[in-house]
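Have a look at the structure below, then the notes.
Reckoned from all heavy atoms, side chains included, excluding hydrogens, waters and symmetry mates. Each ligand, and each atom within it, is numbered from 1 in the order the structure gives.
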Amino acid sequence: MTSFDPRLLNRRQRNNLINGLIYPRPIAWVSTVASDGTRNLAPFSFFNAFSFNPPTVGVSPGSRQGIPKDTLANVRATGEFVVNLVSASLADTANSTSAELGPEVDEWDLAGVTPIASETVAPARVQQAPAALECRVHQIIELGADEPSNSLVIGRVLRVHVLADVLDEHYLPRPEALDLVGRMGGDLWAHTRQQFVLPRPSRH
Ligand SMILES: Cc1cc2nc3c(=O)[nH]c(=O)nc-3n(C[C@H](O)[C@H](O)[C@H](O)COP(=O)(O)O)c2cc1C
């Protein structure tokens, strides 16, 4: 076993170690709108669910040299975002929207995906995504003062969209129908096609 103080590693080593150990991370393909109406779409794998009551998710976009990524700037300005979930068939397309582009570039056009108006928030959702969560910011926690750093955006889920044939009668989605992918370390992605059943221990 080797042990490290991660703070003593360089940025690349730290990134590799954290992202290569904590996986698979689900991917939030986040749609936001700037205060001037410019729309934005980018993937984030510092993403997870933290509660179903109230339905709460967190996503952690970064800043570079004090300049927040467009997604972070937009959620700070508007308090709204949509998390689109990424199926295997959308992985390439979602990845293409992670290119570092100026705020004037429309990632929707770049990726060739279709916006559908949301019901409770201004940012649109991606029609091609098998599910989407309309969210309002609950809290934003700044994770570090040293650059580059990230901000943890905690959002309340106001509305859930799921492909019609995905849910069983108890609202449990069928993974085969969603076919979601996750992110691992480096450029590795993961399928979610191999599962196993492990019933919870029964209470006595
Ligand atoms: C699968 C994937 C996951 C990513 N996860 C994150 C993340 O959690 N946080 C982050 O700051 N950037 C992440 N990135 C990089 C952003 O997508 C990238 O910086 C993007 O340009 C940000 O777009 P924006 O400036 O329009 O918000 C990820 C990229 C990919 C391909």
Check your understanding: Short list, please: which atoms of ligand 1 are under 4.0 Å from a heavy atom of Glu107?
Key -> 26 (O)

Exercise for review: Looking only at distances, please establish whether an N/O atom of ligand 1 is found under 3.5 Å from an N/O atom of Glu100.
Suggested key: no

Review point. Going by the atom numbers of ligand 1, which of them fall below 4.0 Å from some non-hydrogen atom of Asn150?
Key: 9 (N), 11 (O)

Check your understanding: For atom 19 (O) of ligand 1, what is the nearest protein heavy atom, given as residue, atom name and distance?
Key -> Lys69 NZ, 2.8 Å

Point to revise | Contacting atoms of ligand 1, where contact means under 4.0 angstrom from a heavy atom of Arg64 | key: 19 (O)

Point to revise | ligand 1 versus Arg183: contacting region, heavy-atom distance under 4.0 Å | key: side chain

Check your understanding: Backbone or side chain, does any N or O of Leu72 fall under 3.5 Å from an N or O of ligand 1?
Key -> no

Revision key, fill the gap. So the atoms of ligand 1 within less than 4.0 Å of a heavy atom of Ser60 turn out to be 7 (C), 8 (O), 9 (N), 10 (C), 11 (O)

Practice item. Treat each ILVMFWY residue as a node, draw an edge where side-chain heavy atoms are under 4.5 Å apart, and state whether Val57 and Val59 are in one component. Key: yes

Check your understanding: For atom 25 (O) of ligand 1, what is the nearest protein heavy atom, given as residue, atom name and distance?
Key -> Asp70 N, 3.0 Å

Practice item. Would you indicate whether the side-chain heavy atoms of Val113 and Gln127 approach each other to under 4.5 Å? Key: no

Study note, to complete from the structure: Among non-hydrogen protein atoms, atom 7 (C) of ligand 1 lies closest to Phe44 CD2, 3.4 Å

Review point. Contact between Ala28 and ligand 1, counting heavy atoms under 4.0 Å?
Key: no

Study note, to complete from the structure: Scanning both residues in full, the closest heavy-atom pair of Phe47 with Ile27 reads CD2-C, 3.7 Å

Practice item. Would you check if the side chain of Glu80 reaches a backbone N or O of Pro123 as a donor-acceptor pair within less than 3.5 Å? Key: no

Point to revise | Subset of ligand 1 atoms that lie under 4.0 Å from at least one heavy atom of Asn40 | key: 24 (P), 26 (O), 27 (O)

Point to revise | Pair Arg76 + Glu142: basic N to acidic O under 4.0 Å | key: yes

Review point. Out of Pro43, Ser45, Ala94, Ala42, who gets a non-hydrogen atom closest to atom 14 (N) of ligand 1?
Key: Pro43

Exercise for review: Say whether Val153 and Val83 are linked into one hydrophobic cluster, either directly or through other cluster members, by side-chain heavy-atom distances under 4.5 angstrom.
Suggested key: yes

**Study point:** Trp189: numbered ligand 1 atoms lying under 4.0 Å from its heavy atoms
**Key:** 1 (C)

Practice item. Quickly, which of Val82, Asn95, Thr97 forms a side-chain contact (heavy atoms from CB on, under 4.5 Å) with Trp29? Name it, please. Key: Thr97

Study note, to complete from the structure: Logged contact type for Arg25 with ligand 1, heavy-atom cut-off 4.0 Å, is neither

Review point. Within the distance-only criterion (no hydrogens, no angle test), does the side chain of Arg159 pair as donor or acceptor with the backbone N or O of Val121 below 3.5 angstrom?
Key: no

Review point. Is the closest N or O pair between Ser98 and ligand 1 shorter than 3.5 Å?
Key: yes

Check your understanding: For Gly66, does its backbone N or O pair with a side-chain atom of Ser63 as donor and acceptor, under 3.5 Å?
Key -> no

Review point. Salt bridge between Arg174 and Asp168, side-chain N to carboxylate O under 4.0 Å?
Key: no

Point to revise | Those atoms of ligand 1 less than 4.0 Å from some heavy atom in Pro61 | key: 11 (O)

Review point. Nearest protein heavy atom to atom 27 (O) of ligand 1, by residue and atom, and its distance?
Key: Thr71 OG1, 2.6 Å

Review point. Checking Ser31 side chain against Ala124 main chain: does a donor-acceptor pair fall under 3.5 Å?
Key: yes

Point to revise | Atom indices of ligand 1 within 4.0 angstrom of Asn95 heavy atoms, with elements | key: 31 (C)

Review point. Just by distance, do the side chain of Glu134 and the backbone of Glu119 share a donor-acceptor pair under 3.5 Å?
Key: yes

**Study point:** Nearest non-hydrogen protein atom, atom 8 (O) of ligand 1
**Key:** Phe46 N, 2.8 Å

